[in-house]
Structure formats: C-alpha cells, structure tokens
Amino acid sequence: MPEGHSIRHLANLSDTAFKSKKITATSPQGRFAEEAAVIDQKQMTGAGAHGKHLFLKFDDEYAVHVHLGLYGWLHFNRGTQGKPKDTVRLRLSTDDFYADLIAPTACALLRPNGVEKILKRLGPDPIHPNANLEHAWDKIKKSSKSIASLLMDQSVIAGIGNVYRAELLFRSNTSPFTPGSQMTKEKFESIWKDSVELLKLGSIDGKIRTVKPEHISEEEIKLHGCSQNSYVYKQTGGFCRICSDTVRQETHAGRELYWCPTCQN
DNA sequence: AGCTCATGGCGAG
DNA sequence: TCGCCCTGAGCTG
C-alpha cells in the first residue's frame, strides 16, 4: 500500500517494462475501456511520479493519471499473460511484460495541461533531486496546524503518508502536536533530509524501512523470527525500543497517529 | 459467508 | 468531521 516510495518504485518498473515500447491497453473491468482504446497501440514515452501520483505518458500527447488511494496497486508480471481478474481497471502489456491496475482511487486520461494542473496543487516531493524544501517550509512556518497534519498535507509536502509521518516524527524526536509556526528551520530541514533518505530507500523495492539496524535487537529477531519494522507505527501499547515508555495512539484530524511521548517532545 | 481494517482523498454539511 | 469510494487479507463463525 502506497506512499511516495511506492509510486517512485512503480514509475521505475513502468519505465523498465514499457518505456519506448508500443503498448497494448485494455480495461478488463470495463470502467476505463474508452480511455484504454485511445492509448492502445501508442508508444509509452515514460513514467513520472510526484508524491502519490503516477503519470504514464503516451506519445507525449496523453497521460494516464493514477492515484492508488488506500488499496490500489499496479501489479507487474513477466511473460505470458494470464486471464485478468475482473477487478483489473487497466492492463498494459507488451510481448514481455504486463501490468494490472487494481482499485485505484483515480485513473484518468489527461492531456499534458491536465498533468500540470495536478502538479500545481502539490507541494515538493522529497524524492525529486531538484525538489525545493523552501516551498514546504514557507507554508509550515506560517501555519498553526500541527506538524503531524502538515506532513500529511500533500499541498505542503507530496508523498508522505501515515507510516512515514509517524516514523519521521519519531526519528527526529518531534512532538506530533508542535504547531508549524513553532517548528525551527533546523528541525524541519532534518525531517526533510530524513524523508529524502527514507523515501529513496523505500523506492528500491516499494517497501517502507525506517528502523536503524542498531535498533533491531538480537532478542527481537529471535523472538519474532524477523525484525519489527517500525518504531511507533502500529506499535500501540508496546514499549518504545529507545526509552521503554508505552507507544500511544490517537485519532488526529481523521487519521491514526502513533508516537512516543517521552522520545517526542 | 460475513465482518473489519488498511500506508488516501474527496465532497457534503 | 463524517461518509463514501476503490479491493483484498485476515480474522470470525
């Protein structure tokens, strides 16, 4: 399930499988049939990712805009095509690869100006090498909203979701309830830099990894057979692995927030 | 078989 | 702030 790292990952896979290739497009589910017919047999000129938005470009004339929402995914397969499930909104294929789009919140055929319109309402994406953190900082420093809400606001920073939010705030010892206006620039810059690293790391295989190797204890590995993969996200009621305080959970602006009150203040 | 939950985001009120 | 949309995994019975 997707935050910005997944979208970068899927854009990379799309380029590997489809860039500069003539694509066959179908909509087994039927809900994208007319649009699929438009791009069918066109060349994919490349994939773009910004935050949680994926853009698949065709002949530099059309782009398929995909937003996966909570449940969506783009499944890549190699080799002979199997029969698609009837929930597949869009199947893209060549002789070598096929990719099935499942349960997207958004899947729309756009012209280039439609893409620009979407990009305009998004904040900088930390995973982009040329992203400008000042755009995010300008909004944060003026806001009375909590840093927890601001990190989830895609018009402030694009690509952070509920897992990265919780883990970034923990890793920087930041209270989630700090108003943006009370953040220091140094603190924000450290969160930004950390998000660059974590998103890049996650985009390699589409998996979120936020726990430093030194915080995955031998005991834990023995006990669970594998490392626990977060500091606070979904660790409610468990002991913080740094200070042993109890990890808290609370609904905050409609989403579950996880934090350690001792480490994060 | 049915229920619940999930790493999102939109529009109504 | 709530309800709703998209789907599937992991429970419960």
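Letters go in sequence order (proteins before strands), and every chain restarts at 1. Hydrogens, waters and symmetry mates are skipped; everything else that's a heavy atom, side chains included, is used.
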Problem - Ion pair check, A:Glu134 and A:Lys185, cut-off under 4.0 Å - result: yes
Handout entry: First-last contacting nucleotides on DNA chain B - partner chain A, under 4.0 angstrom, heavy atom
Key = B:dA6 to B:dC10
Problem - P-based separation of B:dC5 from C:dG13 [nearest Å] - result: 14 Å
Problem - Worked verdict on A:Asp60 versus A:Thr45 for side chain to side chain donor-acceptor pair (under 3.5 Å) - result: CA-CA 6 Å; A:Asp60 291 326; A:Thr45 37; 3.3 Å; yes
Exercise for the section: Identify, residue by residue, the members of residues 148-176 of chain A with a heavy atom below 4.0 Å from DNA chain C, and return them in order of residue number, or none. Expected result: none
Handout entry: side-chain contact (heavy atoms from CB on, under 4.5 Å) partner of A:Leu92, chosen from A:Thr26, A:Asp40, A:Ile39
Key = A:Ile39
Practice task
May I have all residue pairs that pass ring pair (Phe, Tyr, Trp, His ring centres under 6.0 Å) and include part of residues 110-134 of chain A, sequence neighbours excluded?
Solution key: A:His50-A:His128
Problem - Gap in Å between the two P atoms, one belonging to B:dA1 and one to C:dC6, rounded - result: 22 Å
Practice task
With sequence neighbours excluded, tell me which residues meet ring-ring contact (aromatic ring centres under 6.0 Å, His included) with A:Tyr231.
Solution key: A:Phe170, A:His215
Exercise for the section: Name all residues meeting the ring-ring contact (aromatic ring centres under 6.0 Å, His included) criterion together with A:Tyr98; count only those two or more places apart in sequence or in a different chain, and write none if there are none. Expected result: none
Practice task
Encode nucleotides 2-7 of chain C as B, S and - characters from 5' to 3', where the letter depends on protein heavy atoms closer than 4.0 Å: B to the base, S only to sugar-phosphate, - to neither.
Solution key: ----BB
Handout entry: Aromatic plane relationship, A:His65 with A:His53 - under 30° parallel, 30 to 60° tilted, over 60° perpendicular
Key = parallel
Practice task
Select base, sugar-phosphate, or nothing to describe what A:Lys85 touches, counting heavy atoms under 4.0 Å on all strands.
Solution key: sugar-phosphate
Practice task
Considering only atom P, compute the distance from B:dT4 to C:dG3 and round it to an integer number of Å.
Solution key: 14 Å
Practice task
Return yes when atom NZ of A:Lys141 has more than 12 non-hydrogen atoms of other residues, nucleotides or ligands closer than 6.0 Å, and no otherwise.
Solution key: yes
Exercise for the section: For the pair A:Phe188 and A:Trp137, name the ring-plane relationship: parallel under 30°, tilted 30 to 60°, perpendicular over 60°. Expected result: parallel
Practice task
Only one of A:Arg111, A:Lys42, A:Lys57, A:Glu35 passes side chain to side chain donor-acceptor pair (under 3.5 Å) with A:Tyr62; say which it is.
Solution key: A:Arg111
